[in-house]
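Written below as structure tokens is the structure these notes are about.
The analysis underlying the following values was restricted to heavy atoms, covering all of them including side chains, and did not include hydrogens, waters or symmetry mates. A, B, ... follow the sequence lines: proteins, then strands. Residue 1 opens every chain.
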Number of protein chains: 2
Amino acid sequence: MVTITIKDVAALAGVSVATTSRVLSGNPATSADARSRVHAAAAELDYHPNAQARALRSTRTHAIGLLVPDVRNPFFADLAHTVEQAALVHGFATLLGNANERKDQQDRYLDNLIARRVDGIIVAPLGDGSGSIRSVVGREIPAVFIDRTIEGIDLPSVTTDSDTGIREAVDHLAALGHTRIGYIAGPQSTSTGRERYASFVRAAGDRGLSLDPALIVFGDFQAESGSTAVRTLLALNEPPTALLVADSPMAIGAIGAIQRLGLRIGTDVALVSFDDIDWLALLDPPVSVIAHSVADMGRIAVDMLRTVIDGGAPESVRLPSRLIVRASSATPIDPGRSR
Amino acid sequence: MVTITIKDVAALAGVSVATTSRVLSGNPATSADARSRVHAAAAELDYHPNAQARALRSTRTHAIGLLVPDVRNPFFADLAHTVEQAALVHGFATLLGNANERKDQQDRYLDNLIARRVDGIIVAPLGDGSGSIRSVVGREIPAVFIDRTIEGIDLPSVTTDSDTGIREAVDHLAALGHTRIGYIAGPQSTSTGRERYASFVRAAGDRGLSLDPALIVFGDFQAESGSTAVRTLLALNEPPTALLVADSPMAIGAIGAIQRLGLRIGTDVALVSFDDIDWLALLDPPVSVIAHSVADMGRIAVDMLRTVIDGGAPESVRLPSRLIVRASSATPIDPGRSR
DNA sequence: CATCAGCTTGGAAACGTTTCCACTTAACGC
DNA sequence: GCGTTAAGTGGAAACGTTTCCAAGCTGATG
């Protein structure tokens with residue numbers, strides 16, 4: 001590996017290292033002559049400043065860490081994309097970590113981000129407040145929660161208010177005549193898993209729908225658990241006539257399982273999923289979803305993080321969710337039907 | 001931000017900085033006594049070594065950069081996931097960059113990775129051999145190409161041999177009676193875009209199918225261009241009866257557009273897409289795809305990069321692709337039909 | 001003509017590590 | 001009991017920057 005330092009540039013330009021540094025970092029206390037010679041030398045040598053040395057001295061890395069639980073989940077892929085683009089606008093590079101829905105990997109990446117001294121961290125956390133997240137708070141590293149939070153850890157957050165969307169979905173299904181709605185829940189170790197579960201139970205109770213515990217199956221936000229849940233739910237003596245799924249990967253799994261059972265969503269069993277993902281609208285029939293704005297969420301998180309980095313204390317934000325009705329849940333229940 | 005250095009740890013443990021460093025980095029020349037006291041002190045202070053300082057001195061960052069053209073493309077999301085997991089096994093953290101299918105952003109991230117002195121770079125490149133990719137080669141930074149390559153830049157690569165899969169797809173469609181196959185191509189600024197295009201033309205020619213230039217539309221590997229392409233193709237006087245799409249995001253766009261035209265894939269127009277993505281199998285009818293192994297690709301790329309980092313010169317690898325027939329292309333053409 | 005302000009410059013310290021080198025101590029073999 | 005060796009340790013240099021400080025130069029001011 002060829003290694004070119006600021007000394008080489010200084011020597012070629014015929015000025016001191018100090019002046020070279022000033023020119024390169026845009027310090028105005030430089031002469032036009034020095035500027036042009038340094039720039040020419042840097043270009044000729046293809047000089048790339050060593051970010052480590054720079055950060056070591058200036059305690060700024062111009063990098064933020066983004067930790068998501070699962071990059072393959074289209075919602076988080078979108079989120080990563082919007083966060084990254086928003087950060088880029090403000091001159092921050094994004095280090096993306098994927099916790100793979102596992103606490104040990106989340107801790108590993110958090111330690112890594114701390115060690116790299118990123119200027120701030122945006123995290124969609126999982127687990128309780130133990131482990132490396134404690135170090136982040138303890139060292140007062142600027143950080144914000146996105147999508148999810150952790151109880152007892154006091155960080156600004158941007159989240160979705162799932163209550164409205166879930167209530168709309170339950171009302172909608174109830175209006176079509178469904179009384180037994182199956183709920184494929186997310187893991188109760190995540191705030192979104194818990195909130196959505198609570199919202200569902202509350203909404204179903206308010207509408208006087210069945211609260212049979214067998215109608216609720218807990219998944220892990222990943223596709224495979226969606227399939228398993230469907231097989232469990234549809235094997236009940238009194239199976240649900242509608243399903244509400246707490247995220248889109250589990251919905252993929254669920255829909256696949258329904259098809260393999262020879263059933264059809266929309267007509268045989270109604271289905272509403274969380275997350276407004278492109279392909280859910282393309283399925284036949286298109287799938288009703290509870291949508292929330294990924295773009296806003298990413299942008300707001302970056303803005304909030306910048307505020308924290310600059311010493312501020314932004315208010316947490318809660319974004320609305322709303323139901324988008326499509327054919328997967330548009331057919332009224334046929335009371336004569338039995339399976 | 002609270003900042004704790006190795007000096008604090010050394011002081012608390014009652015040993016020198018040198019000994020502390022040795023203990024913390026696993027150097028065996030340490031006494032059991034020193035080890036236990038240093039570890040206790042480090043734990044008590046919640047000490048996290050400064051990765052910048054460490055890398056500055058040791059010229060190793062234990063980080064690799066992964067640059068993909070589009071994280072929202074499920075193929076690259078999967079790839080990011082497998083690369084990251086494979087890297088983690090060998091103790092490397094992955095810095096994921098998203099070029100957003102734009103050369104300027106690719107260059108920006110490459111510069112960033114160079115500046116951060118990552119130990120190596122895995123890149124699915126776009127554009128020609130100009131810009132920052134030159135710096136990578138010039139500085140002899142360990143790097144490998146994944147999925148795509150750049151002509152004239154001599155780096156080891158792991159790619160897909162699309163020829164076999166495309167030939168199978170064309171043969172399959174021809175056997176069903178299709179003579180006019182529309183091809184939604186990727187951008188010719190990418191190696192995969194060019195190769196798949198060439199393979200298609202060759203396969204179609206060999207089978208004696210129409211090579212009408214109007215049947216080929218060039219997209220940009222993103223969803224929107226798939227819709228536009230479909231509208232163009234199906235508006236022809238003699239529209240194609242089958243479509244081959246060069247990647248899955250364009251397939252999303254294409255399928256959406258077909259549905260909005262009131263047509264149905266499989267029966268009204270056959271469709272085969274590249275990339276074996278979960279949800280393509282869930283659509284109704286399920287979509288035939290040309291599959292290639294993401295998992296192998298990620299693992300092999302990491303292994304190759306490790307070889308380069310250790311001074312080796314690995315052989316490039318070409319993975320096979322193969323057709324998976326599903327209902328979207330299983331119906332023989334109806335010769336009596338006209339539109 | 002001396003003084004002063006303002007601009008530009010270079011030397012050197014500092015950032016937090018790792019690692020070279022030299023040193024002390026203890027154990028060993030003769 | 002003496003030299004030899006090995007194990008453990010600490011001081012200090014080094015990594016590549018930024019930034020503090022002091023100083024040189026110019027032109028203007030009194």
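A donor-acceptor contact closer than 3.5 angstrom links the side chains of A/Arg116 and A/Asn112. Checking A/Ser130 against A/Lys103 by side-chain atom types alone, a donor-acceptor pair falls below 3.5 Å. Side-chain N/O atoms of B/Thr30 and B/Arg35 include a donor and acceptor closer than 3.5 Å. No side-chain donor from either of B/Asn27 and B/Ser25 sits under 3.5 Å from a side-chain acceptor of the other. Between the side chains of B/Ser191 and B/Arg148, no donor-acceptor pair of N or O atoms lies under 3.5 Å. When only modelled atom types and interatomic distance are considered, B/Ser135 and B/Ser132 share no side-chain donor-acceptor pair under 3.5 Å.
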Protein-nucleotides 22-25 of chain D N/O pairs closer than 3.5 Å?
none

Run the numbers on B/Gln106 and B/Arg102 for side chain to side chain contact (heavy atoms under 4.5 Å, CB included), then give the verdict.
CA-CA 6 Å; B/Gln106 168 171 290; B/Arg102 285 175 42 177; over 6 Å; no
Should A/Arg54 and A/Asn50 be marked as a side chain to side chain donor-acceptor pair (under 3.5 Å) after you check the CA-CA gap, both sets of side-chain angles, and the distance that decides it?
CA-CA 6 Å; A/Arg54 192 172 258 205; A/Asn50 184 322; over 6 Å; no
What one-letter contact string describes nucleotides 15-25 of chain C from 5' to 3', where B marks a base within less than 4.0 Å of any protein heavy atom, S marks contact via sugar-phosphate atoms alone, and - marks no contact?
BBBBBB-----
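Taking only side-chain nitrogens and oxygens, B/Ser31 comes nearer than 4.0 Å to OP1 or OP2 of D/dT9.
Between the side chain of A/Asp78 and the backbone N or O of A/Phe75, no donor-acceptor pair lies under 3.5 Å.
At its two ends the helix from C/dC1-D/dG30 to C/dC30-D/dG1 runs along axes set 60° apart, each axis drawn from five pairs and the angle rounded to 10°.
For the residue pair B/Phe221 and B/Pro187, the shortest heavy atom distance occurs at CD1-CD, 3.4 Å.
Across all strands shown, A/Ala34 has heavy atoms under 4.0 Å from sugar-phosphate atoms exclusively, and none from any base.
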